[in-house]
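First the structure, in the form of structure tokens, and then the observations on it.
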Protein chains: 2
Amino acid sequence: MVSSNYGNVQSVPDRDSARPGAAVSRPLSEIKADLFKALAHPARIRALEVLSSGECSVGELQPLVGIELSHLSQQLGVLRRAGLVSSRKEGASVLYSIRDDDVIELLRVAKGLLIKSLAETTGLLSDLRASQ
Amino acid sequence: MVSSNYGNVQSVPDRDSARPGAAVSRPLSEIKADLFKALAHPARIRALEVLSSGECSVGELQPLVGIELSHLSQQLGVLRRAGLVSSRKEGASVLYSIRDDDVIELLRVAKGLLIKSLAETTGLLSDLRASQ
DNA sequence: CCATCACTTGATGGTTTCGTCAAATTATGG
DNA sequence: CCATAATTTGACGAAACCATCAAGTGATGG
């Protein structure tokens with residue numbers, strides 16, 4: 001890529017420009033895209049869904065999310081850098097939690113959209129109601 | 001990767017498994033992730049934002065989204081395959097439109113989350129208060 | 001027909017993300 | 001201290017994604 005300067009504003013050379021709240025002058029569309037990018041992985045979605053019912057350590061998360069531990073840690077890092085979760089230490093373990101309930105709301109809206117969409121294209125409303 | 005079978009359900013060998021409504025037995029977390037993946041690009045976000053104020057041809061979209069035409073066409077393809085937009089032909093041109101208003105709602109919630117997040121991390125609550 | 005406009009598709013390097021493994025870090029218990 | 005448990009970090013090949021260019025398709029007008 002030579003120079004795809006997304007948006008109108010010229011950007012200051014700034015590090016850490018993936019965190020929301022980092023760069024001030026970055027096109028909003030790019031910041032939004034980064035948010036969605038952070039959500040664009042099944043394991044991260046599952047982690048958030050587990051966390052949406054409360055704080056949880058990495059070790060507790062692991063069997064529920066179903067990926068290897070170090071991989072999980074990395075994915076949690078992605079979520080943390082994106083500002084979606086925060087972590088605190090308690091003894092030897094690290095507890096993760098959702099940072100803002102709007103994240104849960106976002107997942108809820110997404111699910112609604114998906115369910116509507118699935119219902120339209122295939123005819124399996126019943127399946128959806130049955131599964132969750 | 002040898003066999004990361006995301007989720008619990010074993011999947012039937014099915015083509016077209018990226019479209020919502022395509023595969024029946026695919027873990028919901030993966031389907032959600034695909035939705036977010038489709039949103040995870042600034043140009044696609046901008047395209048959706050333009051389209052949220054009404055149907056639009058590729059040619060009209062191009063200057064507003066600000067990427068090369070063939071690239072735009074490809075990105076619109078991504079949105080279409082994800083079920084977020086639909087397209088119809090009118091004469092020589094192709095008109096795209098948002099498929100479901102929930103998509104707009106999703107963007108709205110995302111924006112709210114981001115604004116809150118930006119306000120927290122950088123200290124510009126004052127800015128926000130100042131601007132109205 | 002043929003040229004042209006409006007897109008789409010295909011091919012192709014460059015970059016980013018994924019998933020695995022090994023090694024490093026930071027408490028806790030004996 | 002030393003062992004062990006709980007996470008994180010680093011390195012690396014494989015896969016996916018991005019952005020550009022060239023070529024292809026399909027309707028419209030002359």
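Just so we're on the same page: letters track the sequence lines, and every chain starts at 1. The figures here come from the full heavy-atom set of this structure, side chains too, leaving out hydrogens, waters and symmetry mates.
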Test side chain to side chain contact (heavy atoms under 4.5 Å, CB included) applied to A:S57 - qualifying residues, sequence neighbours left out: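 Here the qualifying residues are A:E60, A:S93, A:L95.
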
List in chain and number order the residues that pass side chain to side chain contact (heavy atoms under 4.5 Å, CB included) with A:S87, two or more places apart in sequence or in another chain; answer none if no residue qualifies.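 If we apply the side chain to side chain contact (heavy atoms under 4.5 Å, CB included) test to A:S87, skipping adjacent residues, the hits are A:R80, A:V94, A:Y96.
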
For the pair made of [atom1] in [X] and [atom2] in [N], what is the distance, rounded to whole Å?
X	N	atom1	atom2	answer
B:I45	D:dC18	CD1	P	12 Å
B:L69	D:dT20	CG	C1'	13 Å
B:R88	D:dA27	CZ	P	15 Å
A:K37	D:dC17	NZ	C1'	10 Å
A:L79	D:dT8	CG	P	12 Å
B:L39	D:dC17	CG	C1'	16 Å
A:L76	C:dG19	CG	P	14 Å
B:Q62	D:dA19	CD	P	14 Å

If you take any heavy atom closer than 4.0 Å to DNA chain C, which residues from residues 49-58 of chain B end up in contact?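 Those residues are B:S57, B:V58.
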
Smallest separation among heavy atoms of B:L39 and B:I45, with atom names: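 Minimum heavy-atom separation between B:L39 and B:I45: O-CD1, 3.3 Å.
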
Atom of B:K111, atom of A:L28 and distance for their closest heavy-atom approach: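 Heavy atoms only, the tightest pair is CE-CD2, 4.1 Å.
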
Output yes when at least one side-chain N/O atom of [X] is less than 4.0 Å from OP1 or OP2 of [N], else no.
X	N	answer
A:S73	D:dT7	no
A:Y96	D:dT8	yes
B:R44	D:dC18	yes

Under the salt bridge (charged side-chain N to carboxylate O under 4.0 Å, His left out) rule, collect the residues that match up with B:E105, sequence neighbours excluded.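 For B:E105, the residues satisfying salt bridge (charged side-chain N to carboxylate O under 4.0 Å, His left out) (neighbours in sequence not counted) are B:R108.
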
Partners passing salt bridge (charged side-chain N to carboxylate O under 4.0 Å, His left out) against A:E55 (at least two apart in sequence or in another chain):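 Scan of A:E55 (salt bridge (charged side-chain N to carboxylate O under 4.0 Å, His left out), adjacent residues dropped) gives A:R88.
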
Position toward the 5' end of DNA chain C (nearest nucleotide), B:L95 or A:Q75: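 In this pair, the answer is B:L95.
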
Check every strand shown and say whether A:L72 touches a base, only sugar-phosphate, or nothing at a heavy-atom separation below 4.0 Å.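 Answer is nothing: A:L72 stays at 4.0 Å or more from every strand.
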
Evaluate side-chain contact (heavy atoms from CB on, under 4.5 Å) for B:L113 paired with B:K116, printing each intermediate quantity in order. CA-CA 5 Å; B:L113 175 59; B:K116 207 189 282 186; 5.7 Å; no

Criterion side-chain contact (heavy atoms from CB on, under 4.5 Å) on A:L106 and A:D102, from CA distance to verdict: CA-CA 6 Å; A:L106 195 62; A:D102 279 7; over 6 Å; no

Table of protein N/O atoms under 3.5 Å from nucleotides 21-30 of chain C N/O atoms:
from	atom 1	to	atom 2	distance (Å)
C:dC21	N4	A:S70	OG	3.0

Check whether any side-chain N or O of A:Q62 sits under 3.5 Å from a backbone N or O of A:I67 as a donor-acceptor pair, and report yes or no.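 Yes; at least one donor-acceptor contact below 3.5 Å.
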
